[in-house]
Amino acid sequence: MSRIVQKYGGSSVADAELIRNVASRIARGREAGNDMVVVVSAMGKTTDELIALAHQLVEQPDEREMDVLLSTGEIVSSTLLAMTLKDMGHNAVSLTGLQAGIHTDGRYSKARITAVEPQRIRDELARGNAVIIAGFQGVDSQMDTTTLGRGGSDTTAVALAISLEAHVCEIYTDVEGVFSADPRVVPDAVKLDRIGYEEMLELATYGAGVMAPRAVELGQVYGMPIMVASAKSDGTGTLICKEGSMELRNKVSGIAHDTNVAKIMVIGVADQPGIAQALFEPLARANISVDTIVQNAGINNVTDITFTVTQTDVLKALSIVEPVGKSIGAVRVTSDESLGKVSIVGTGMQNTPGYAARMFHALAAEDINIQLITTSEIRITCIISKSRIHDAVRALHKAFEVEFQTTG
Ligand code: ADP
Ligand code: ASP
Ligand code: MG
């Protein structure tokens, strides 16, 4: 008998028939004699709909109330799944994040898990129940509900797999695994059999929405293998695990893209110490992640600073940067929300020259203008117009196709 930790995403529990499908899969696991712990996301687009509803009433909704509101989506799906299982003759119980012992810090909408106390889960398993847990949520030290960031049910699942000492965390979704690019954009993308944590973390951080980046990070820190597979078939999926041997590493494992990008430009500020600090410290205090930062070479002691944030954060960021811009004497602060980013990722790129040139060549051949460029050791990212993102992903997939075949 094994302890199995599974997670089913929103697309896999989007309606009654799909919930019944998930219940049958859990029933099969139980009939094979396993202890089943199952994390669920909210049904379909519920979280987006709840966010839109709040914004119909309030421009910038209260963060505490928003987290309670969003946590209800996962409570709905967990209860429906538990009652379906019971109706099928299986003992099952649903638990909220609080009941499942998920403790977090108090950063609403981006809370981080500080501890997992799974005693109630263990007790319910001992009573013979399948335990169905509402993902994406926890409680802070004040017992206030928090949420773990978009896609956060993945993080709940990996955290539980670690604390319950499962062998692997199984993530079931609407695709067969992790592909060389988003299969919705590149129909001939190839499924990867395995991928290292490091590469998966870069892909996920730069837009490959199939896994939440923080879930991959947790898996990496605790060495928990993560299997991503389809909720509808019995395919083997993709195993996210420790990197293969150096020599077998992929040159390029995948292409990621993200259209949730906004650029903020602070034009005409003094080229002197303290300016970057004055801009970025208040953004960090407000919990806004800044991605690419570019400062132009100063002319006559005047320079421009450009940086990117998510579109979701742009209003909040502007409300902070505009007054700071005034106080540091900037000529003006402008923003552009019509951007996206496209990245190539692969551990084999490090110490191998020529990848950036090949990437720029493929984009130039499609007449795609690059606005900003950032790199890490295993990633090159170009920020381009959002309207050309899909063209860019397809062009890059074609340009690097030969690289995807070797598995690490
Ligand atoms: P879930 O509801 O199961 O959490 P998500 O929508 O969060 O599912 O993630 C699955 C989606 O991720 C897929 O439908 C696919 O369009 C998208 N995706 C983006 N990049 C990739 C990739 N490299 N491989 C697989 N899927 C990807
Ligand atoms: N329901 C949440 C979201 O849509 C969490 C998740 O799906 O993992 O982001
Ligand atoms: Mg997801």
Side-chain angles (χ1 to χ4, degrees), residues 6-15 18 21-22 38-52 66-67 69-78 97 102 109-111 133-138 146-159 170-193 195 199-216 226-232 235 237-238 240 252-260 312 342-346 389-390 393 396-397 404:
Q6 300 184 331
K7 176 252 171 180
Y8 291 90
S11 47
S12 307
V13 290
D15 60 31
L18 287 162
N21 168 58
V22 171
V38 178
V39 175
V40 281
S41 293
M43 293 171 70
K45 301 263 170 248
T46 302
T47 309
D48 292 329
E49 286 159 13
L50 291 172
I51 293 171
M66 196 66 180
D67 271 22
L69 174 68
L70 297 191
S71 72
T72 63
E74 271 67 11
I75 295 174
V76 169
S77 48
S78 61
I102 311 283
S109 84
K110 306 179 176 163
I133 293 155
F136 175 57
Q137 58 188 269
T146 53
T147 63
L148 309 180
R150 297 308 304 267
S153 299
D154 293 344
T155 317
T156 307
V158 175
E170 303 173 10
I171 304 279
Y172 291 104
T173 182
D174 61 351
V175 283
E176 299 284 332
V178 179
F179 283 70
S180 51
D182 186 341
R184 284 188 216 202
V185 177
V186 183
D188 55 355
V190 291
K191 182 178 78 70
L192 310 173
D193 294 331
I195 183 168
E199 290 178 320
M200 190 64 229
L201 184 55
E202 291 274 334
L203 283 172
T205 306
Y206 283 82
V210 63
M211 275 300 298
R214 282 181 28 211
V216 182
I226 302 168
M227 173 62 82
V228 181
S230 165
K232 285 199 176 147
T238 300
I240 306 169
V252 174
S253 306
I255 318 272
H257 74 280
D258 186 355
T259 49
N260 185 9
T312 329
V342 61
S343 308
I344 61 172
V345 171
I389 277 288
H390 288 182
V393 176
L396 291 171
H397 197 269
F404 301 137

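In each ligand, atom 1 is the first atom listed, and ligand 1 is the first ligand listed. Atoms considered below: every heavy atom in the structure, side chains included; atoms not considered: hydrogens, waters and symmetry mates.
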Nearest-neighbour protein heavy atom for atom 27 (C) of ligand 1, which is reported as residue plus atom name and distance: Val210 CB, 3.7 Å
Could you work out, for atom 5 (P) of ligand 1, the closest of Ala181, Ser12, Ala42, Gly209 by heavy-atom distance? Gly209
Using a 4.5 Å cut-off on heavy atoms from C-beta on, say whether the side chain of Ser253 contacts that of Ile195. yes
With rounding to the nearest 0.5 Å, note down the distance linking OG1 in Thr155 to NZ in Lys7. 9.0 Å
Ligand 1-proximal atoms of Val175, by part, heavy-atom distance under 4.0 Å: side chain
Indicate yes or no: at least one non-hydrogen side-chain atom of Tyr206 is less than 4.5 angstrom from one of Asp258. no
Checking contacts here: is it the side chain or the backbone of Pro183 that comes within 4.0 Å of ligand 1, counting heavy atoms only? Could be both or neither. side chain
Arg184 versus ligand 1: do any nitrogen or oxygen atoms come within less than 3.5 Å of each other? yes
Hey, is ligand 2 close enough to Thr47 that some N/O pair sits below 3.5 Å? yes
Nearest 0.5 Å, what's the NZ-CD distance between Lys232 and Glu176? 10.5 Å
Which atom pair, heavy atoms only, marks the closest approach of Arg214 to Leu148? NH1-O, 3.1 Å
Any N/O pair Ser180/ligand 1 closer than 3.5 Å: no
I'd like to know if Ser41 contacts ligand 1, where contact means a heavy-atom distance under 4.0 Å to any ligand atom. no
Nitrogen or oxygen of Gly151 less than 3.5 angstrom from that of ligand 2: yes
Below 4.0 angstrom from a heavy atom of Gly9, which ligand 1 atoms are there? Numbered from 1 as shown, please. 1 (P), 2 (O), 3 (O), 4 (O)
Among all protein heavy atoms, pick out the one at the shortest distance from atom 4 (O) of ligand 2; state its residue, atom name and that distance to 0.1 Å. Arg150 NH2, 2.9 Å
Looking only at heavy atoms of Glu176, does any of them come nearer than 4.0 Å to an atom of ligand 1? no
Close approach of Gly152 to ligand 2, heavy atoms, under 4.0 angstrom: yes
Does Gly177 have a non-hydrogen atom less than 4.0 Å from ligand 1? yes
In the protein, what heavy atom is nearest to atom 7 (O) of ligand 2, and what distance, to one decimal place, separates them? Ser41 OG, 3.2 Å
If you measure from NZ on Lys110 to CG on Asp67, what distance do you get to the nearest 0.5 Å? 11.0 Å
Within a distance under 4.0 Å of any heavy atom of Thr173, pick out the atoms of ligand 1 and give their elements. 1 (P), 3 (O), 8 (O), 9 (O), 10 (C)
Going through the distances and angles, do His257 and Ser343 end up as a side-chain hydrogen bond (donor to acceptor under 3.5 Å, both in side chains)? CA-CA 6 Å; His257 74 280; Ser343 308; over 6 Å; no
If you count the atoms of ligand 1 from 1 in the order shown, which ones are under 4.0 Å from a heavy atom of Val178? 24 (N)
For Thr147 and Gln137, test the side chains for any donor-to-acceptor distance below 3.5 angstrom and give the result as yes or no. no
Please say which of Val22, Leu18, Val76 ends up in a side-chain contact (heavy atoms from CB on, under 4.5 Å) with Val13. Val22
For Glu74, the ligand 2 atoms with a heavy-atom partner under 4.0 Å come out as 1 (N), 2 (C), 5 (C), 6 (C)
Residue pair Asn260, Thr312: steps toward the side-chain hydrogen bond (donor to acceptor under 3.5 Å, both in side chains) verdict: CA-CA 7 Å; Asn260 185 9; Thr312 329; 3.0 Å; yes
Atoms of ligand 1 under 4.0 Å from any heavy atom of Lys7, numbered from 1 in the order shown, are 4 (O)
Looking only at heavy atoms, the pair that brings Ala189 and Ala181 closest together is CB-O, 3.5 Å
A student checking ligand 1 against Asp174 at a 4.0 Å heavy-atom cut-off should list atoms 10 (C), 11 (C), 13 (C), 14 (O)
Can you name the atoms of ligand 1, numbered from 1 with element, that are less than 4.0 Å from a heavy atom of Phe179? 22 (C), 23 (N), 24 (N), 25 (C)
Which label fits Tyr172 and Tyr8: parallel for a plane angle under 30°, tilted from 30 to 60°, or perpendicular past 60°? parallel
Distance from Ile51 atom CD1 to Thr46 atom OG1, nearest 0.5 Å? 11.0 Å
Which residue supplies the protein heavy atom nearest to atom 15 (C) of ligand 1, what is that atom called, and how far is it? Asp182 OD1, 3.3 Å
